[in-house]
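Scroll down for the structure; my scribbles are underneath it.
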Amino acid sequence: MRATQFFLATLKEAPADAEIVSHKLMLRAGLIKRVAGGIYTWMPLGLRILRKVENIIREEMDRAGAIELLMPAVVPAELWQETSRWEMYGPELLRFKDRHQRDFVIGPTHEEVITDVARREIKSYRQLPLHLYQIQTKFRDEIRPRFGVMRGREFLMKDGYSFHASYEDLQREYQNMHDTYTRIFTRLGLSFRAVAADTGSIGGTGSHEFHVLADSGEDAIAFCPSSNYAANVELAEGVAPALPRKDHSEQMKRVATPDKTRCEDVAEFLGLPLTKTVKAIAVMHNEQFFLLLVRGDHTLNEIKTSKLPFLNPFRFASDDEVERFLGCRPGYIGPVGIAHDVQIIADRTVAQMSDFVCGANEAGFHLTGVNWDRDLREPNYVIDIRNVVEGDPSPDGMGPLSICRGIEVGHIFQLRTKYSEAMRASFLDESGQPRAMEMGCYGIGVTRIVGAAIEQNHDDRGIIFPRAIAPFEVAIAPIGYGKSQPVQNAANTLYSELKASGVDVLLDDRDERPGVMFADLELVGIPHRITIGERGLKEGMVEYQERCNTASVKIPLAHIGAYVRELLGA
RNA sequence: CGGGGUGUAGCGCAGCCCGGUAGCGCGCCUGGUUUGGGACCAGGAUGUCGGAGGUUCGAAUCCUCUCACCCCGACCA
């Protein structure tokens, strides 16, 4: 591609509303233009990147035996009503009516549509397994779109769905996809990690997320550096402390803690470590009142909590309810001396504590030196209900956990029969019996990958694209293209040669000053650059420079074509 | 949804407090000089000052409403 025949739209200054690097750089490099909140136009240069990502995914999915199809973005409400997701989904599902007042949605995911295809087409176990996928534009009306393309409302997604005659076969395909995703992200040149995950609203059992590791990631991942354990913190198990509960050494005392409602304030006020305090959280389930206890420095994990059968679903108690059940406003509530019909659920860590501090159920007072059994009844339940923190023991017993941040770019689920049962997608097995199909579902955020790749690969000059997804592999930067016939000839010849051998090359024939040219080519992230100037040509040399490296090397003009082809394996 | 902030030329911003009819840098156009890291000189074009209403002789500026966008929060006793 010649730059004069293309459309570069770089910006010297990033628009003020961009926050994270990838967003700023994407705007500056002219990859995207904002049209509305969370909705972007992909400019020609950006689209080249998106297409490369897409094609790698497509190649690997095909190789893994999946078959591509394309489902509609607009889906009739009836399909969503069949699985009750029409009611379950919140406002992030974009709904609208057509001219006949019939309800439709813009699909945020396509389990219903694909299951509808499967139940119409698949009659026999002989047709299974089947894995269908698409690469398609999705819409999710996010509460708060942000970070540019990273959490957009409209985005490109690869979503695949597999159908199986048995759970064993689903597990086989799940592993196949685990391997395939690993290949895809490796080929994309990303540093990533597969982590055990929560299944969220889509439902099902087994699930892994694939995260690109980046400090700006929205998800926290707990992993064990000395083993391959990795899990979303939402899911990572908080194990019980190894040591048993210590014997009490203090008497319980009531102390005044005026205006100290947060554990941090109480600990500081009393001169005690935060780990000696207990935080009490009041929740309601079916008008029944529960008190949840976590250590002061820990936080409640709502996902774990909501999975407890006797609490599902739960909501936080209102201030009035807290007062009604405990006789005290929030801020000073605690588990001591409360009515027997209030169930106490203690986190494992709390159950092991002794001589701790908690609210006295009396405004302005806390209790210190509190001990289980002696001062209050043992909890009704001792369960893992908190988020793990750095340094917690790894659930696999292989040492302390570390926590890092990641950008979720892929997610695989074992859906089992959730959708096939709801939509009566069944087949006849070997014995002629109808059975619900086992299903798996596998997503990749194509759009988000571009942002994540930039987040992971950039410097102060701009983007450093991994070669596999760079908009161009090589740039030719001729200095004085319009002035110098030798430069122009050398540049044109090299351009033709590389193009003929299938190299994705950009010839910057804009006749810009060298500074402008270099700045643009670096901003845009082209991995390799060949600079051709009269100065070098006099000695028969051109310069080669790698984007990720500041040093350049002189190469004889006569060899440069072969040099680049060698470099790229073209 | 709650809190905070911002809307002025394609982009970044000033002007607003103290009302007098809009400016700077970059970019863009023309001509010339330049050409190894975002050139220089000369000339030029570009704005419903986010929108509506109000106050006023007069509103980018003051008041009311509204829309859009950004940031933070939505973990909490």
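Just so it is clear: chains get the letters A, B, ... in the order the sequence lines come, proteins before strands, and each one is counted from 1. Just so we're clear, the structure is a prediction, and the values are computed from it rather than from any experiment.
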query: Would you say the base of B:rG37 and the side-chain of A:Arg529 have a donor-acceptor pair closer than 3.5 Å?
result: yes
query: Which whole number of Å gives the distance between the P atom of B:rA39 and that of B:rG20?
result: 38 Å
- request: Please indicate whether A:Asn549 has more than 12 foreign heavy atoms, meaning atoms of other residues, nucleotides or ligands, lying under 6.0 Å from its CG.
  value: yes
- prompt: For B:rC18, what is the paired nucleotide under Watson-Crick or G-U wobble rules, both distances under 3.5 Å?
  reply: none
message: For A:Lys554, is the NZ atom crowded, meaning more than 12 foreign heavy atoms sit under 6.0 Å from it?
response: no
Base-pairing assignment for B:rG73 (Watson-Crick or G-U wobble, both under 3.5 Å): B:rC1
message: For B:rC40 and A:Arg513 - does any side-chain N or O of the residue sit under 4.0 Å from the phosphate oxygens OP1/OP2?
response: no
- prompt: For B:rC65, what is the paired nucleotide under Watson-Crick or G-U wobble rules, both distances under 3.5 Å?
  reply: B:rG51
task: Establish, for the pair A:Arg95 and A:Trp80, whether the NZ or CZ atom is under 6.0 angstrom from the six-membered ring centre and no further than 45 degrees off its axis.
output: no
query: Is there a side-chain polar atom (N or O) of A:Lys12 under 4.0 Å from OP1 or OP2 of B:rG38?
result: no
task: Just say parallel, tilted or perpendicular for the rings of A:His23 and A:Tyr40, cut-offs at 30° and 60°.
output: perpendicular
Paired nucleotide for B:rG27 [Watson-Crick or G-U wobble; both distances under 3.5 Å]: none
task: For A:Ala14, report the nucleic acid contact type (base, sugar-phosphate, nothing); a contact means any heavy atom under 4.0 Å.
output: sugar-phosphate
